[in-house]
Number of protein chains: 2
Amino acid sequence: MSSQHPPTGSRLGRRNDPERRDKIIDACLIVIAQSGVTGTSHRKVAAQAGVPLGAMTYYFDGMQDLLHSAFTNLAIRVSGEFERSMATATDKQSACEKVFERILQASSGDDDELILSHELYTLATRDTTFRSITSEWMRRSRIALELHFDPLTARLLDAMIEGVTIHRALDSEPRDPQEIRAAIARITGNPSFDS
Amino acid sequence: MSSQHPPTGSRLGRRNDPERRDKIIDACLIVIAQSGVTGTSHRKVAAQAGVPLGAMTYYFDGMQDLLHSAFTNLAIRVSGEFERSMATATDKQSACEKVFERILQASSGDDDELILSHELYTLATRDTTFRSITSEWMRRSRIALELHFDPLTARLLDAMIEGVTIHRALDSEPRDPQEIRAAIARITGNPSFDS
DNA sequence: GACATTTGAGTACGTTCGTACATATACTTG
DNA sequence: CAAGTATATGTACGAACGTACTCAAATGTC
């Protein structure tokens with residue numbers, strides 16, 4: 001008993017798999033979503049990614065570096081999606097509709113985005129290193145919104161998205177989607193959206 | 001060397017110090033604010049509280065119970081403060097002013113409230129047990145706001161407070177306080193507040 | 001004052017963690 | 001094909017962790 005590893009200890013040696021690093025990052029986000037940053041360890045991530053433990057310290061300079069890389073990836077992916085979504089809007093009205101969809105989707109809990117972003121916020125509140133990620137994320141959101149709204153409205157709308165999303169997620173009673181429309185209507189000064 | 005404890009191993013025995021439990025809870029919040037839930041351990045909290053390690057398992061049924069008690073305490077304290085603040089407002093205008101002060105103070109980073117609430121949100125996003133705390137917290141905020149605003153406006157305002165606070169905290173560039181006034185003005189439909 | 005009970009403290013155990021490091025393999029170069 | 005290098009891996013180590021458990025001291029009871 002106690003066969004710790006495949007019978008033949010096959011060390012692959014120089015294989016330079018460029019996807020290896022990305023696989024670890026993806027696995028890291030999965031583990032964080034499941035267990036939180038608190039419960040994330042090199043061993044869990046390695047297991048999730050299907051790579052040996054030694055690969056963790058090989059590709060990343062410790063836990064901090066791993067987390068930073070993982071959250072940077074997340075921020076780039078999510079803000080990219082939002083940019084693309086906003087870019088498809090043709091006017092204020094359809095832009096409002098996109099924002100509505102975004103809040104609805106983000107607060108639905110159907111994916112891990114909400115959990116992961118909270119984990120990131122928690123790190124960023126304490127650590128300046130991570131704040132550069134959130135800062136850049138917000139900057140890109142704002143710019144995407146400024147395709148359709150003036151700068152101040154874009155900032156307020158961005159903040160409102162955040163607040164409504166969180167409140168919807170952290171309340172145990174379900175919230176009426178109509179509330180989202182009211183929020184957007186008041187911030188943008190577009191009363192017709194609140195129908 | 002290696003004197004682990006006061007020279008005289010004075011076991012105090014039945015002393016029933018009712019403050020002991022509260023001291024541990026306060027210490028726990030301090031440790032969380034410093035090191036995050038991630039970095040919080042029984043040993044650190046015990047050291048901060050000046051109680052022996054054994055006291056931790058005596059007063060609390062494990063880490064989960066400790067965290068739950070600590071965050072419940074936090075929620076009660078903070079929402080109590082907000083209720084009292086809102087109760088002193090005499091009309092819509094002064095209520096808006098109170099809300100303004102609240103956002104300014106919460107996002108200033110002068111105390112640990114912001115850090116702690118994020119840590120709580122992160123737990124609540126994943127764990128229903130903690131969501132009852134956030135849920136109750138939001139309920140009380142909403143009721144406090146409903147002293148001066150209609151229910152829908154109260155909800156939106158509450159969400160806006162959250163969003164603006166977070167954005168102010170997680171941006172590396174400073175934000176103009178005037179932005180807060182604009183947000184309140186638009187949500188409450190009180191244009192005169194945005195001056 | 002003797003005994004029982006409650007309250008609290010100290011310690012030891014088994015687990016898990018991050019990381020360092022020796023070393024095996026694959027590739028490159030001559 | 002030999003020598004060298006870059007790449008990747010398995011493992012071992014010390015530190016820190018949560019928790020269970022034993023037992024001392026103070027209090028309650030008669």
Side-chain angles (χ1 to χ4, degrees), chain A residues 1-25 27-28 31-32 34-70 119 123 127 129, chain B residues 1-25 27-28 31-32 34-70 119 123 127 129:
Chain A
M1 24 204 77
S2 91
S3 64
Q4 310 280 21
H5 47 84
T8 309
S10 63
R11 291 166 179 263
L12 287 180
R14 176 192 188 101
R15 195 55 222 270
N16 201 351
D17 186 353
E19 300 179 20
R20 189 59 68 96
R21 212 187 118 96
D22 288 338
K23 260 209 281 209
I24 294 178
I25 287 182
C28 184
V31 172
I32 293 173
Q34 280 174 355
S35 317
V37 169
T38 308
T40 297
S41 69
H42 280 156
R43 283 168 172 81
K44 276 190 199 167
V45 175
Q48 173 72 38
V51 303
L53 176 60
M56 303 303 296
T57 44
Y58 179 73
Y59 287 104
F60 301 93
D61 290 341
M63 199 67 192
Q64 179 93 351
D65 183 34
L66 173 60
L67 291 176
H68 199 272
S69 305
E119 295 280 351
L123 290 179
D127 190 336
T129 312
Chain B
M1 25 204 77
S2 89
S3 65
Q4 310 280 22
H5 48 83
T8 310
S10 63
R11 289 168 179 262
L12 289 179
R14 176 191 188 105
R15 194 54 222 271
N16 202 351
D17 186 354
E19 301 178 19
R20 189 61 68 97
R21 210 187 119 96
D22 288 338
K23 261 210 282 211
I24 294 178
I25 288 182
C28 183
V31 172
I32 294 173
Q34 280 173 355
S35 317
V37 169
T38 308
T40 298
S41 68
H42 280 156
R43 282 168 171 81
K44 276 191 199 169
V45 174
Q48 174 72 37
V51 303
L53 177 60
M56 303 304 296
T57 43
Y58 178 73
Y59 286 105
F60 301 92
D61 290 341
M63 199 66 192
Q64 179 92 351
D65 183 34
L66 173 60
L67 291 176
H68 199 273
S69 305
E119 295 280 351
L123 290 180
D127 189 336
T129 312

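Chain naming here is simple, since letters A, B, ... match the order of the sequence lines and numbering starts at 1 in each. Worth saying up front: this structure is predicted, and the values here are computed from it rather than measured.
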### Message
Which heavy atom of B:V31 sits nearest to which heavy atom of B:V45, and what is that distance?
### Response
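Reported closest heavy-atom pair: CG2-CA, 4.0 Å.
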
### Query
Looking only at heavy atoms, what is the nearest atom pair of A:G62 and A:H42, with distance?
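Minimum heavy-atom contact is C-NE2, 4.0 Å.
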
Distance in angstrom units between [X] [atom1] and [N] [atom2], rounded:
X	N	atom1	atom2	answer
B:L66	D:dT19	CG	C1'	14 Å
B:Y59	C:dG10	OH	C1'	15 Å
B:K23	C:dG8	NZ	C1'	14 Å

#### Entry: Chi angles and distances behind the side-chain contact (heavy atoms from CB on, under 4.5 Å) call for A:T40, A:Q34
CA-CA 9 Å; A:T40 297; A:Q34 280 174 355; over 6 Å; no

#### Entry: Side chain to side chain, A:C28 and A:Q48, heavy atoms closer than 4.5 Å
no

### Task
May I ask you to test the A:I32-A:L67 pair for a side-chain heavy-atom distance under 4.5 Å?
yes

Check nucleotides 17-19 of chain C against the protein and report each pair of N or O atoms closer than 3.5 Å, with its distance, or say if there are none.
residue: C:dC17; atom: OP1; partner: A:S41; partner atom: OG; Å: 3.2
residue: C:dG18; atom: OP1; partner: A:H42; partner atom: N; Å: 3.3
residue: C:dG18; atom: OP2; partner: A:H42; partner atom: N; Å: 2.9
residue: C:dG18; atom: N7; partner: A:R43; partner atom: NH1; Å: 2.7
residue: C:dG18; atom: O6; partner: A:R43; partner atom: NH2; Å: 3.0
residue: C:dT19; atom: OP2; partner: A:M63; partner atom: N; Å: 3.3

### Task
Determine: side-chain N/O of B:R21 to OP1/OP2 of C:dT7, distance under 4.0 Å, yes or no.
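For B:R21, the contact criterion (side-chain N or O under 4.0 Å from OP1 or OP2 of C:dT7) is not met.
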
### Task
May I ask you to verify if any side-chain N or O of B:Y58 is less than 4.0 angstrom from the OP1 or OP2 atom of C:dG10?
no

### Query
Can you name the residues that form a side chain to side chain donor-acceptor pair (under 3.5 Å) with B:D127, not counting sequence neighbours?
B:Q64, B:T129

